[in-house]
Engineer: 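Quick one: structure below, then a few questions.
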Number of protein chains: 2
Amino acid sequence: MFSKSTEYALRATIYIAQESNSDKKLSLNQIANAIDSPPSFTAKILQLLTKDNCIISSVRGPNGGFYITEDAKQLPIRKVLEAMDEQDLFIKCILGLNNCSETKPCPMHYQYQPIKKQLIKLFETKTILQLADPSQPANFLVNNSL
Amino acid sequence: MFSKSTEYALRATIYIAQESNSDKKLSLNQIANAIDSPPSFTAKILQLLTKDNCIISSVRGPNGGFYITEDAKQLPIRKVLEAMDEQDLFIKCILGLNNCSETKPCPMHYQYQPIKKQLIKLFETKTILQLADPSQPANFLVNNSL
DNA sequence: ATAATTAAGGACAAAAATACCTTTAATTGT
DNA sequence: ACAATTAAAGGTATTTTTGTCCTTAATTAT
Ligand code: FES
Ligand code: FES
């Protein structure tokens, strides 16, 4: 479904939303450790997410680290996919054809379209906060422990 | 969603089911041309699909080529995904965690699971024939023409 | 100021996916 | 038998993805 980069990006974003706020920042190593991802590679991914501080925020220096603002928590998770350049899923044909549309449907189009719509809706409407909401008991697991 | 290899495999299978039978075989070049794929790469993919002749069949020599039996047309398209080793979609967690299950749900599990079930059902129940059935007007487009 | 800490950024490396090319084997028609 | 045709098989090359490492810049505490 998604690339490793995007999987790490989603896990990192959710974890940061679970654990951080502007008073409690998380270091790269904390995050990579928590989400079972290679630290150096995770650093690259976090750079993409902190671009313009629009999803994740960061500060350097002692007691610095990564965190997410309350405002950013309201963003739909689609923003994470956008930052990771993972938009093919929303646009492309399931058979890989350039155009996916009612006017030029491939043999799977009418079967796949309703599922695609649900995927888009899921990523458009679910916010980062909703996935990290501690009142939802299913919202904790972001690694391969257990 | 799928790798290029799998996209080509699906397009090739559908095209072969549209156009061939045991009396009318298709050459590599015909297929690659029809589905907009690199011929040499498509050759490799067809090798996987003809493995044990279980999905696509082939014969060498003049008037040889690739075709599909009536029996094989009844196979669900999941078989193509299996041949391409693309089973992660059916098993894996959308966040990339090793186990996807009700007992260890990730924060997206309960949102994603219903969609995943529909994807599985789609690939399990739709047969190659259904996607290539000429009585369905949507069943022709397997390339980027138009 | 200085040293310590932390992310940012760039160069590099390894692995996988994608694509190509050459040789071999099977089949057919002559 | 022979030549032509076609897929099979294997090796090679390129590109993309994944991952590492090292230096630089920013921030903080002393
Ligand atoms: S055209 Fe193939 S999924 Fe829409
Ligand atoms: S555990 Fe993540 S989708 Fe099921």
Side-chain angles (χ1 to χ4, degrees), chain A residues 1-13 15-16 20 22-33 35-68 81 83-86 88-89 96, chain B residues 1-13 16 20 22-33 35-68 81 83-89 96:
Chain A
M1 174 77 68
F2 294 127
S3 66
K4 286 276 177 205
S5 303
T6 301
E7 289 174 356
Y8 297 150
L10 287 168
R11 301 222 295 270
T13 302
Y15 176 69
I16 293 168
S20 84
S22 52
D23 291 328
K24 184 186 173 202
K25 305 184 186 74
L26 305 166
S27 74
L28 169 62
N29 284 328
Q30 276 181 288
I31 295 167
N33 193 61
I35 69 171
D36 270 339
S37 65
S40 307
F41 191 38
T42 307
K44 292 290 180 210
I45 292 161
L46 288 170
Q47 272 180 44
L48 292 173
L49 296 174
T50 51
K51 198 86 181 171
D52 308 321
N53 278 359
C54 70
I55 301 172
I56 304 297
S57 305
S58 68
V59 293
R60 297 198 257 203
N63 302 314
F66 299 92
Y67 66 101
I68 186 169
L81 303 185
M84 302 307 294
D85 239 318
E86 190 108 33
D88 280 5
L89 189 65
Chain B
M1 172 78 67
F2 294 125
S3 66
K4 286 272 177 208
S5 303
T6 301
E7 289 173 355
Y8 297 150
L10 288 167
R11 301 222 294 270
T13 302
I16 292 168
S20 85
S22 52
D23 291 327
K24 185 187 172 202
K25 305 186 185 74
L26 305 166
S27 74
L28 170 62
N29 284 328
Q30 276 181 288
I31 295 168
N33 193 61
I35 69 170
D36 269 340
S37 65
S40 308
F41 191 37
T42 307
K44 288 290 181 210
I45 292 162
L46 288 171
Q47 272 180 44
L48 292 173
L49 295 174
T50 52
K51 199 86 179 171
D52 308 320
N53 278 358
C54 71
I55 301 171
I56 304 297
S57 306
S58 69
V59 294
R60 297 199 253 201
N63 302 313
F66 300 91
Y67 67 100
I68 185 168
L81 303 185
M84 301 307 294
D85 239 318
E86 189 107 35
Q87 304 172 59
D88 279 5
L89 188 65

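Order of the sequence lines fixes the chain letters, A, B, ..., with proteins taken first and strands second; residue numbering starts at 1 for each chain.
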Engineer: A/I56 and side chain to side chain contact (heavy atoms under 4.5 Å, CB included): which single residue from A/L48, A/I31, A/T13 fits?
Structural biologist: A/T13

Engineer: Looking at the side chain of A/S27, which of C/dA8, D/dA7, C/dT6 is the nearest nucleotide?
Structural biologist: C/dT6

Engineer: From CD of A/Q30 over to P of C/dA7, roughly how many Å is that when rounded to an integer?
Structural biologist: 9 Å

Engineer: Side chain of B/S40 only, please: which of C/dC21, D/dT18, D/dT20 is the nearest?
Structural biologist: C/dC21

Engineer: I need the NZ-P distance between B/K44 and C/dC20, as an integer number of Å.
Structural biologist: 13 Å

Engineer: For B/T50 and D/dA7, is the shortest distance between a side-chain N/O and OP1 or OP2 below 4.0 Å?
Structural biologist: no

Engineer: With respect to the side chain of A/P38, which nucleotide from D/dT18, D/dT20, D/dA8 is positioned closest?
Structural biologist: D/dT20

Engineer: Output yes when at least one side-chain N/O atom of B/Q47 is less than 4.0 Å from OP1 or OP2 of D/dA7, else no.
Structural biologist: no

Engineer: List the steps and the verdict of side-chain contact (heavy atoms from CB on, under 4.5 Å) for A/L49 and A/I16.
Structural biologist: CA-CA 11 Å; A/L49 296 174; A/I16 293 168; over 6 Å; no

Engineer: side-chain contact (heavy atoms from CB on, under 4.5 Å), that's the test. Do B/L81 and B/Q87 meet it? Break it down for me.
Structural biologist: CA-CA 7 Å; B/L81 303 185; B/Q87 304 172 59; 5.9 Å; no

Engineer: Mind checking salt bridge (charged side-chain N to carboxylate O under 4.0 Å, His left out) for B/E86 and listing every partner two or more places apart, or none if nothing turns up?
Structural biologist: none

Engineer: How many angstroms lie between atom CD of A/E7 and atom CG of A/D36, to the nearest 0.5 angstrom?
Structural biologist: 12.0 Å

Engineer: Heavy atoms under 4.0 Å, any strand shown: does A/I31 hit a base, just sugar-phosphate, or nothing?
Structural biologist: nothing

Engineer: CG of B/D88 versus P of D/dT17: gap in Å, rounded?
Structural biologist: 17 Å

Engineer: If you assign each of A/G64 and A/K4 to its closest nucleotide in DNA chain D, which residue comes earlier from the 5' end?
Structural biologist: A/K4

Engineer: Got a second to check how far B/S3's OG is from B/I45's CD1, nearest 0.5 Å?
Structural biologist: 7.5 Å

Engineer: Provide a list of protein-nucleic acid N or O atom pairs under 3.5 angstrom, restricted to nucleotides 25-27 of chain C.
Structural biologist:
| residue | atom | partner | partner atom | Å |
| --- | --- | --- | --- | --- |
| C/dA26 | O4' | B/R60 | NE | 3.3 |
| C/dT27 | O4' | B/R60 | O | 3.4 |

Engineer: Rounded to whole Å, please give me the gap between NZ in A/K25 and P in D/dA26.
Structural biologist: 18 Å

Engineer: To the nearest Å, how far apart are B/L48 CG and C/dA19 C1'?
Structural biologist: 14 Å

Engineer: Rounded to whole angstroms, how far apart are OH on A/Y67 and C1' on C/dA7?
Structural biologist: 13 Å

Engineer: Among D/dT28, C/dC20, C/dA19, find the nucleotide with the atom closest to the side chain of A/N63.
Structural biologist: D/dT28

Engineer: Nearest whole angstrom, please: distance from the P of C/dA14 to the CZ of A/F41.
Structural biologist: 16 Å

Engineer: Evaluate B/T50 against B/S58 for side chain to side chain donor-acceptor pair (under 3.5 Å), listing each step before the verdict.
Structural biologist: CA-CA 7 Å; B/T50 52; B/S58 69; 4.6 Å; no

Engineer: Return the value, rounded to whole Å, for the distance between atom NZ of B/K51 and atom P of D/dA8.
Structural biologist: 10 Å

Engineer: Please classify the nucleic acid contact of A/I45 as base, sugar-phosphate, or nothing, using heavy-atom distances under 4.0 Å.
Structural biologist: nothing

Engineer: Would you please confirm or rule out a distance under 4.0 Å between OP1 or OP2 of D/dT17 and any side-chain N or O of A/S5?
Structural biologist: no

Engineer: With respect to the phosphate group of D/dT18, does any side-chain polar atom (N or O) of A/Y8 fall under 4.0 Å of OP1 or OP2?
Structural biologist: no

Engineer: Among all residues two or more places apart in sequence or in another chain, which pass the ring-ring contact (aromatic ring centres under 6.0 Å, His included) test with B/F66?
Structural biologist: none

